[in-house]
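Throughout, a chain's letter reflects where its sequence line sits, starting with A, and its residues are numbered from 1.
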Amino acid sequence: MVVSEATENPDEPDHSTGSGLVAEKARRLARVEELRGRGDEPYPYRFDRSHTIGDVRRTWGELEAGTETDNEVTVAGRVMLKRDTGKLVFATIQDRSGQVQLFISKAVTGDEHFVDVKELDLGDWVGVSGTVMTTRKGELSIKATTVRLLSKAVRPLPDKWHGLTDTDTRFRQRYADLIVNEQARRHFEIRHAVVASFRRTLHGEGFIEVETPVLHAEAGGAHARPFTTHHNALAMDLYLRIALELHLKRLIVGGMERVFEIGRIFRNEGISTRHNPEFTMMELYQAFADWNDVMDITERLITRAATDALGTTNITIRGEQFDLAEPWPRLSMCGAVSDKIGTTVHPSQPLDEVRTIADHHGAKYEPSWGSGRVIESLFEELCEADIIRPTFVTGHPVEISPLARVDRDDPFVTERFELFVDSRELANGYSELNDPIEQRARFEDEQAAKDAGDAERGTVDEDYLRALEYGMPPTGGLGVGIDRVVMLLSGVDSIKEVILFPTLRPEQEIH
RNA sequence: CCGCCUCUAGCUCAAUGGCAGAGCAGUGGACUCUUAAUCCAUUGGUUCUGGGUUCGAAUCCCAGGGGGCGGACCA
């Protein structure tokens, strides 16, 4: 806490001449003391309201201008604006359902109570009782008989007109962002609607919601660098999970048939407009289904989420309108690359041949990569940027898909798809590999690549193999990046806009 | 980790090498139908930090810090 240098006598700071944040806080804190001194609690324990502001608007929104009713209501909200015309004060208060004007007349409240109204600051929480009315100009208002302070704000709100625009401050002080920026509140309403919609759809189709460990002894199920942590009592290092996959499939082995989890996963990688170190994934696994079933459920989940969150399946991507309800095109990875460059590429081709093509088209690769992984690099380099509308990219090479089942018609690719929208990967799914012998071979390939220096590759998960040995039914699986779905439906370009508290460096000093 | 951009009052922004300013918020005053209320008066600055160039630096240079965008990384 900084003590103002201008304060010569610390026992009695001079609020009349000071200014700036320190003086403003001192002035408001002095008001807190003044209220306590006379026996009024500036932070009461509870308050009963009869209506939300949204209720008031719904019930009386059509009232004609210049109407006085004797309908009594009690609402609560934060003071956002105050217009003082002397013996009449207008204030705009806000709760999560909206804003409404208070009409506070000295003649109604009485002189003593009116003095306290005058002392209210922007940002204070109040509980208000009064009657519903409209002004001569037609503004729906509550004609207050009492205005009770529910919580004194000692820090001023951001600018009442321009709000808070500094991105750094908006993300660090999300609380302030949410108070003043309706758009920010909207993004998190959409987020809630998406998650609720996913749950509703999945429950409706017989899926069971489960929770699996966040702390893993082995970080498997994806290619990513994990965060490490330590458990003291067990005296061992643990990883934060990078995927949900392997535990959920153990449950399919256990006979749960349809399971899903919505959970946080952690990847120790770069931060960008599309990546946050912790993000939310929904994964589901459905026994007796294959990748085609999973593509269908992906369309249902996201289309219904759009309807539930936005009331429409029409969305705008890069200024262009798309209807999510129309079937989503399917594009094979090898086919897309082949079409783009005019020659056929396929993971069955010798590595030299594929490398030559990559060199020719500026796609990068590492010495340890096989043909399949180089083709993926070609796809990322040449095709990804062109995908705007929702598109299933299918047929990923076996080399880059260690948990997916080989295509029933082509032994070099898998029955796998990734959903791309606006050049971003939103979902990933496949027919799950359930042959324990083949899975072991795939894990051993991963381990070999890891041993050769590729840090993101996987390891042999013996317990998972043991589970498969009990027999996993044919299964289709899906992972959906919730944050990215919310980005799509919110129409924002940065993942930080849809994460309440995105990862940032800590502030050095808090003012 | 690299490149570019950015950082000025609580908030939103000016000042392009020559006295650090405005609006909002705050403070004092007027006002019983305002709508970002209005009107009069007024307080408030480590110009992100440190160093340098210069008679003189918010401004130019160097280093550092925060943030943004792009790249790298991210199957």
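- Rounded to an integer number of Å, the gap from A/Lys87 NZ to B/G29 P is 14 Å.
- Taking 4.5 Å as the limit, every side-chain heavy atom of A/Lys496 sits out of range of all side-chain heavy atoms of A/Thr167.
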Let me have the donor-acceptor pairs involving side chains of residues 497-505 of chain A, under 3.5 Å, with sequence neighbours excluded, atom names and distances please.
from: A/Glu497; atom 1: OE1; to: A/Arg170; atom 2: NH2; distance (Å): 2.8
from: A/Glu497; atom 1: OE2; to: A/Arg170; atom 2: NH1; distance (Å): 3.2

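- Taking atom CD of A/Glu497 as the reference point, atom C1' of B/G67 lies 13 Å away to the nearest angstrom.
- Protein atom CG of A/Asp84 is 14 Å distant from nucleotide atom C1' of B/U27, rounded to whole Å.
- When the C1' atom of B/U32 is taken as reference, atom NE2 of A/His113 falls 17 Å away, rounded to whole Å.
- Across all strands shown, B/G56 forms no Watson-Crick or G-U wobble pair with both distances under 3.5 Å.
- Residue A/Arg457 is out of contact with every strand shown, counting any heavy-atom pair closer than 4.0 Å.
- Both distances falling under 3.5 Å, in either a Watson-Crick or a G-U wobble arrangement, place B/C69 opposite B/G3.
- Pair check for B/U12 finds B/A22; Watson-Crick or G-U wobble, both atom distances under 3.5 Å.
- In the set B/U34, B/G66, B/G68, B/G66 carries the atom at the smallest distance from any side-chain atom of A/Asp168.
- Nucleotide B/C31 holds its P atom 12 Å from the CZ atom of A/Phe114, rounded to whole Å.
- Counting non-hydrogen atoms of neighbouring residues, nucleotides and ligands closer than 6.0 angstrom, the CZ atom of A/Arg405 reaches no more than 12 such neighbours.
- Residue-level contact check: A/Ser105 touches the bases, meaning some heavy atom is under 4.0 Å from a base atom.
- A donor-acceptor contact under 3.5 angstrom links the side chains of A/Thr459 and A/Glu218, judged on distance only.
- Contact record, A/Tyr430 with A/Glu415: CB-O, 3.0 Å, taken as the closest heavy-atom pair.
- Sorted by first and then second residue, the pairs that involve residues 92-119 of chain A and meet ring pair (Phe, Tyr, Trp, His ring centres under 6.0 Å), not counting sequence neighbours, are A/Phe90-A/Phe103.
- Within a 6.0 Å radius of CZ in A/Arg96, no more than 12 heavy atoms belonging to other residues, nucleotides or ligands are found.
- Comparing the P positions of B/U47 and B/A57 gives an interatomic distance of 12 Å, to the nearest angstrom.
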Exercise for review: In sequence, state the C-alpha distance, the side-chain angles, and the governing distance for A/Arg264 and A/Glu278, and then conclude on salt bridge (charged side-chain N to carboxylate O under 4.0 Å, His left out).
Suggested key: CA-CA 6 Å; A/Arg264 199 73 57 84; A/Glu278 49 179 307; 2.6 Å; yes
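- Which of B/C31, B/G68, B/U34 sits closest to the side chain of A/Lys118 comes down to B/C31.
- To the nearest angstrom, P of B/G26 lies 10 Å from NZ of A/Lys152.
- Shown here, B/A63 forms a base pair with B/U49; the pair counts as Watson-Crick or G-U wobble because both key distances fall under 3.5 Å.
- If you check every strand for non-hydrogen atoms under 4.0 Å, A/Lys82 touches sugar and phosphate atoms only.
- Using P as the reference atom, B/A41 and B/C5 are 43 Å apart when rounded to the nearest Å.
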Which pairs of donor and acceptor atoms, one on a side chain in residues 375-386 of chain A, lie under 3.5 Å apart (sequence neighbours left out)?
from: A/Ser377; atom 1: OG; to: A/Lys364; atom 2: O; distance (Å): 2.6
from: A/Asp386; atom 1: OD2; to: A/Lys340; atom 2: NZ; distance (Å): 2.8

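- Residues A/Val132 and A/Leu140 form a side-chain contact, since some pair of their non-hydrogen atoms from C-beta on lies under 4.5 Å apart.
- A gap of 22 Å separates the C1' atoms of B/G17 and B/A22, to the nearest Å.
- Here A/Ala176 lies out of heavy-atom contact (under 4.0 Å) with every strand.
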Point to revise | Nucleotide-resolved protein contact map, nucleotides 70-75 of chain B, B/S/- at heavy-atom distance under 4.0 Å | key: SS-BBB
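- A gap of 37 Å separates the C1' atoms of B/U27 and B/G68, to the nearest Å.
- Contact annotation: the side chain of A/Arg457 never approaches that of A/Pro402 to less than 4.5 Å [non-hydrogen atoms, C-beta and beyond].
- Nucleotides B/A37 and B/G26 are separated by 10 Å at their P atoms, to the nearest Å.
- When every heavy atom of A/Thr135 is checked against every heavy atom of A/Ser141, the shortest pair comes out as CG2-OG, 3.6 Å.
- Straight-line distance between the C1' atoms of B/G28 and B/G65: roughly 41 Å, to the nearest whole Å.
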Atom pairs, N/O to N/O, protein against nucleotides 11-14 of chain B, distance under 3.5 Å?
from: B/C11; atom 1: O2'; to: A/Asp159; atom 2: N; distance (Å): 3.0
from: B/C11; atom 1: O2'; to: A/Gly163; atom 2: O; distance (Å): 2.7
from: B/C11; atom 1: O2; to: A/Asp159; atom 2: OD2; distance (Å): 3.0
from: B/U12; atom 1: OP1; to: A/Thr165; atom 2: N; distance (Å): 3.1
from: B/U12; atom 1: OP1; to: A/Thr165; atom 2: OG1; distance (Å): 3.4
from: B/U12; atom 1: OP1; to: A/Asp166; atom 2: N; distance (Å): 3.0
from: B/U12; atom 1: O3'; to: A/Thr165; atom 2: OG1; distance (Å): 3.4

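- Taking atom CG of residue A/Asn181 and atom C1' of nucleotide B/A36, one finds them 15 Å apart after rounding to whole Å.
- With B/C33, B/G67, B/G10 as the choices, the nucleotide that has an atom nearest any side-chain atom of A/Phe103 turns out to be B/C33.
- Here A/Gln101 lies in heavy-atom contact (under 4.0 Å) with a base.
- As rounded to whole Å, 16 Å separates atom C1' of B/C33 from atom CD1 of A/Ile142.
- A/Phe266 and A/Phe227 have perpendicular rings, their planes meeting at more than 60° on a 0 to 90° scale where under 30° would count as parallel.
- At a cut-off of 3.5 angstrom, counting only N and O atoms as typed in the model, there is no donor on one side facing an acceptor on the other between the side-chain of A/Thr85 and the base of B/U34.
- Rounded to a whole angstrom, the distance from the P atom of B/C24 to that of B/A36 is 14 Å.
- Taking atom C1' on both nucleotides, B/C61 is separated from B/U42 by 40 Å, rounded to a whole Å.
- B/U38 is paired with B/A30 under the criterion used here, namely a Watson-Crick or G-U wobble arrangement in which both key atom distances are under 3.5 Å.
- Here the rule is side-chain contact (heavy atoms from CB on, under 4.5 Å) with A/Met333, and of A/Val413, A/Thr394, A/Val393 only A/Val393 fits it.
- Not a single donor-acceptor pair, N or O on each side, falls under 3.5 Å between the base of B/U34 and the side chain of A/Glu139.
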Distances for protein N/O vs nucleotides 40-42 of chain B N/O pairs under 3.5 angstrom?
none

